[in-house]
Structure formats: structure tokens, C-alpha cells
Amino acid sequence: MDSNPRQIRSAALTGFLIALLLAALPVAVWLDLTNLAEVALRRQANDLNSLVSSVRSYYASNVVGRILSHPGQTQVVHNYETIPGAIPIPATLSLELGKVISEQQQNITYRFVSDFPFKNRAPHQLDEFEKASLQSLRANPDQKIVDTTTSLFSDRVRLVAPVVMGPACVSCHNSHPESPKTDWKVGDVRGIQEVAITQPIAANLFSFKYLLAYLALASISGLSFLMMQRRQARQIRAMNRELESNNDFLATLSLKISRYIPPQIYKSIFSGQKDVTIHTERKKLTIFFSDIQNFTATTERLQPEQITQLLNEYFTEMSEIAHQHGGTIDKFIGDAMLIFFGDPETKGDRADAEACVQMAWKMQRRLLELNAKWRAAGIEQPFKSRMGINSGYCNVGNFGSVDRMDYTIIGAEANLAARLQSIAEPGGIVVSYETFALARDIIQAHPLPAITMKGISREVIPYSIDNVLDDTAKGDVIVERTAGLDFYLDPSVLDPQGVDRIKAILSDALAALDRKRATPAQ
């Protein structure tokens, strides 16, 4: 089928789009989860940074500041653990808090680093991001710098905030003997406070268990649909192949059947206009009957292969002419043909009769051409056909049994056409008065002696056709048949060289006739 490849491509494209949408859905969910995790980590890091900064600020102002403003036995040192009664400085407090938080939350890392550590302490190792962040914060301490890294399985957020010197911090650092810098001012950025939080994607992924279940169900449903569609597509392709094979078989079979029944009947049956049932109608038809003169004697002179070839060629040519004029070929009876006009298609009684007469006239002319061809091939006495035509009412339809039927005509009018054929001259056409009256506008004919026939109460006056008047294309055709003469001349098909050659032949023929006249009979 012509529409099958297009349907297959459409189904394949639909399946591909569905698969693409199903594949894109988990990707979209993963991107949303990644973004959600990043936002959550940023918020968590910011909250933690604010918490530690607030604690340190509170500690520096309300604890360390009060102690330093009223000196006593309590010392504020970084190594408070080795000195009884000492308390940690704010930076150490921040480091301690970060250590506690990191131990409690293994995915959180806290760093409190500076590029100006006290002299007796190990220098802080800063990576490139921390160095760049510290430099940027000293230029603009009002910002927070965030770095986000995403991988297939986890997200990581690093939030860097400035460690700003307060009054207590400035006083301590500028007076402390181990301080590497003694010109600090309130508001200077001494170092950075960094919070790094790492969150595996799976931790967020399983928070959406219902969504995941829905996606899994949708994926299974989509895959099932695709598999079902592919299976149906395979079944449809198999069915289409089977239908194509059956259609080819039926087309071949119908073509073979059409050889055995008239094309009109074949079309009406296959189009549903006619049922294959025993049914007849009474209609006015124009019936044509032809027979080859002395066919039995001709078959005795020729080999079976030759007679078969000639007869098949004759029937083929005559059938083609019948089809051109709309005749329904009833049957071949030996060397005879039965054709009728008016069923299953009719153009009216007069048009049917005229078409039948034109068909017969063209058949006789075509037979003359075939005879010339056959004589050139070595056939001494080719076919000569007699034709009879009658118009009248007949029973037409399916005759036979429920197992086998024949679409044919029955009636005395059909028999009359056969009788008219029997009285025609070889190469001639004889019609009944009914046909003559219907087709008289296009023919020239002369009456023959009246005949009577069994089954027909009236006296029948036959007419022998001399010419078909409306056949203008062949109006100059000359046809004459008699003992010793079989003459056919169609000037319309001759070129100038052919005309000269025919004139020479006719001159030779006239000279031969003059010699025959001058020679006394023996």
C-alpha cells in the first residue's frame, strides 16, 4: 500500500518523540534537584556563617571585651587550655566552634584563616580561591563570596565571609608582642571565615520518593506503550504484507476472470452494481452475429497451428473493435461471434443500433486488411465473414444453475440475427428493418427479398448495407468483392509515392483485363 511507509515513519517518529520526552524527564528532575540542593546549601552555609559570626561577635564584645576593660587574673589567650583560669580569644573560639560543628556534621567544614597569623603559630595554608576571596574582601568587606561546584553525585558550596576587626580585636592585636601587624584599624579585614558544605545528590533524591515512584511508573508505562506500539507496528506491517499479497493475488485472479466475461459485466459485478444470482430482464437490444464463410473447408487446407493462430488473431481484432464501440461480447461459438448492445450499459435504442452498425462496418474493413496481411504470409484463401444485425426485445441476464451461470441473451430476436447472417454475402452486412429504421441516418442500404422465420410471426425484410454515411474518415474507401476480385482501397492512408504505385498497379490490371477481353474464350 502506498500510505504504509508514511504511516510507519509517522509511528516511528511518534515513538522517538515519546522516548525522548521520557528520557528528558529524569534529566529535568535531576537539574531541579541540583538547583534545589545548591540553594539549600547556600542558605545553610549562610546561616552557619551568621551563627558563628554572631557567637564570636557576642563573645568578643560581652566576654573578652569586658575582661580586657577590667584587667584581673583572667587571661584571654589562644592557648587557654594550658593556663588555668584563662579563656580563649574570639578567633580560637571560632576555631573551636567550627571543629565541634565539623565533628557533628561530617559534611560541613569550617575554616578561620588569615594571612597574618601570630608568630608562634603555624601559618595558614590558603588555596587560590581563599587568597582571591581575601583580596576581594579587603577591597570590599561588605560582600560574601560563594563558590559552587556540582558533580554527578554531589554538590558543594563554599561561603567566604570577612573577619572584621572590632575595637577589642584592634587593641589586642596592636599591643600583642607576637602580632605580625600592629597598625590594625577598626573595620579592617584580618582574615576570612569559610563554611564549606557538601551534600550528596542521593540525600535529596530520596526526599522525592513519591515523585521517583511516579517517574518510575511513568517510565514503565511509557516503555510498555512503546513496546506495544512496536508490536502493533510489526503486526500491521505483517498484515499489510499479507493484504498486499492477497491484493496481488486477487488482482491477478480478477484479471484472469476478466478474460472469460465481457468487460462491462466484469465491471458491474466488481463494482457491486450486479449480483451473481439467477436473474434476467427483458430489454430491447441490438444483436450482432457473425460467421466465417466455409470455415470448415478452410481448416482442412491449413495446419491446426495455422488455423489456431489465424482464428485467435481474428477474434482479438474483432473483440478490440467491439470494445471500442461499447458492445458486450456474449460468446464465441466456433468461428462465430455473438455481440449485443443495450446491456448492461445503453445509450438509447438508436445510439446502440448505430454503434452496432459502425462496429460491423469497421470489422469488415479490418478483416480486409488482415486478409491482405495473411495472403502476404502465404495464406491463399483467408477468412471472409458474413454479419447479421437485428434489434428487438430479448431476455438478458444470468442463466444456468446456482453453481454455474452464463450471462447471455435468449429470444427469437437473437435467432433472427443469426438467420440474417446466413443470407449475407461473404464480406457483407445484413440488417433487419428494425435496425435499418434505427440507424437509417448513417447507412445506405438496399432491401433484400422478404424472409420468414420460425418463432417470428411477421415477415422480415432484410437490408444489405452498402455504405456507412457518417464514417467520414473512410468516406473514399472502395470495397468490391466478386469472383476473381477482392478489392480494397483506402486513399486516406496513402502517401504520394503510394498513390503513384497504386496507379501503376491499376494500369497493369486494366491492361490485363483488356487482354482478357481480346482473347476469345476457349
Side-chain angles (χ1 to χ4, degrees), residues 285-295 314-315 317-330 332-333 335-342 349-371 382-392 413-451 453 460-482 485-490:
L285 309 175
T286 296
I287 305 106
F288 166 90
F289 195 92
S290 70
D291 187 52
I292 297 176
Q293 179 196 23
N294 297 327
F295 180 74
Y314 167 75
F315 282 142
E317 295 288 341
M318 300 302 107
S319 298
E320 178 64 25
I321 295 173
H323 293 159
Q324 291 174 0
H325 289 80
T328 300
I329 301 176
D330 188 319
F332 301 111
I333 310 170
D335 59 308
M337 294 181 65
L338 176 59
I339 303 172
F340 56 86
F341 288 75
D349 297 343
R350 184 174 300 277
D352 291 340
E354 291 177 351
C356 185
V357 170
Q358 290 170 339
M359 176 196 72
W361 185 256
K362 189 171 182 178
M363 283 181 172
Q364 290 290 19
R365 289 208 309 272
R366 181 56 182 157
L367 184 54
L368 289 174
E369 296 172 357
L370 291 175
N371 283 335
F383 296 157
K384 291 184 179 180
S385 178
R386 294 187 295 262
M387 300 179 180
I389 302 175
N390 178 40
S391 299
E413 302 297 338
N415 297 334
L416 177 56
R419 175 67 185 277
L420 294 173
Q421 169 273 135
S422 66
I423 64 174
E425 293 291 333
I429 304 170
V430 174
V431 301
S432 64
Y433 174 78
E434 288 78 3
T435 302
F436 172 75
L438 291 171
R440 67 190 308 164
D441 292 339
I442 67 166
I443 62 175
Q444 289 179 343
H446 63 274
L448 299 176
I451 61 173
M453 180 180 168
V460 178
I461 301 177
Y463 286 80
S464 178
I465 295 179
D466 299 320
N467 192 17
V468 176
L469 299 180
D470 71 336
D471 196 9
T472 56
K474 299 289 185 177
D476 295 331
V477 173
I478 302 173
V479 180
E480 186 62 42
R481 307 173 190 87
T482 186
L485 176 64
D486 191 349
F487 185 77
Y488 174 84
L489 177 62
D490 185 357

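Residue numbers count from 1 along this sequence. Predicted, not measured: the structure shown is a model, and the values here were computed from it.
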Grab the two heavy atoms, one from [X] and one from [Y], that are nearest each other, plus how far apart they are.
{"X": "F341", "Y": "G326", "value": "CE2-C, 3.7 Å"}
{"X": "D352", "Y": "G342", "value": "OD2-CA, 3.3 Å"}
{"X": "A360", "Y": "I389", "value": "CB-CD1, 3.8 Å"}
{"X": "S422", "Y": "R386", "value": "O-NE, 4.1 Å"}
{"X": "P462", "Y": "A450", "value": "CD-CA, 4.1 Å"}
{"X": "A336", "Y": "D291", "value": "CB-OD1, 3.7 Å"}

Gap separating the [atom1] atom of [X] from the [atom2] atom of [Y], nearest 0.5 angstrom:
{"X": "I339", "Y": "F289", "atom1": "CD1", "atom2": "CZ", "value": "10.5 Å"}
{"X": "H325", "Y": "M363", "atom1": "NE2", "atom2": "CE", "value": "8.5 Å"}
{"X": "I465", "Y": "H446", "atom1": "CD1", "atom2": "NE2", "value": "10.5 Å"}
{"X": "E354", "Y": "D441", "atom1": "CD", "atom2": "CG", "value": "6.5 Å"}
{"X": "F383", "Y": "L370", "atom1": "CZ", "atom2": "CG", "value": "10.0 Å"}
{"X": "S319", "Y": "Y314", "atom1": "OG", "atom2": "OH", "value": "9.5 Å"}

More than 12 foreign heavy atoms under 6.0 Å from CD of E425: is that the case here?
no
Donor-acceptor contact below 3.5 Å, side chain Q324 vs main chain I321
no
Counting only N and O atoms by type, is there a donor-acceptor contact under 3.5 Å from the side chain of Q444 to the main-chain atoms of D466?
no
Fit a plane to each ring of Y463 and Y433, take the angle between them on a 0 to 90° scale, and name the class: parallel (under 30°), tilted (30 to 60°) or perpendicular (over 60°).
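Tilted, since the angle between the ring planes falls between 30° and 60°.
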Given side chains that start at C-beta, do those of E434 and T286 come closer than 4.5 Å, heavy atoms only?
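Result no, sub-4.5 Å side-chain heavy-atom pair not found.
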Could you check if a side-chain atom of I429 sits within less than 4.5 angstrom of a side-chain atom of Q364, using non-hydrogen atoms only?
yes
Would you please test L420 and S432 for side chain to side chain contact (heavy atoms under 4.5 Å, CB included) and show each step?
CA-CA 7 Å; L420 294 173; S432 64; 3.8 Å; yes
Assess, by modelled atom type and distance only, whether the side chains of E413 and N390 contain a donor and an acceptor separated by less than 3.5 Å.
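The criterion, which ignores hydrogens and geometry beyond distance, is satisfied for N390 and E413.
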Carefully, step by step, assess R419 and I451 under the rule side chain to side chain contact (heavy atoms under 4.5 Å, CB included).
CA-CA 9 Å; R419 175 67 185 277; I451 61 173; 4.0 Å; yes
Could you go through R366 and M318, starting from their C-alpha distance and side-chain angles, then the distance that decides it, and tell me whether this counts as side chain to side chain contact (heavy atoms under 4.5 Å, CB included)?
CA-CA 8 Å; R366 181 56 182 157; M318 300 302 107; 4.0 Å; yes
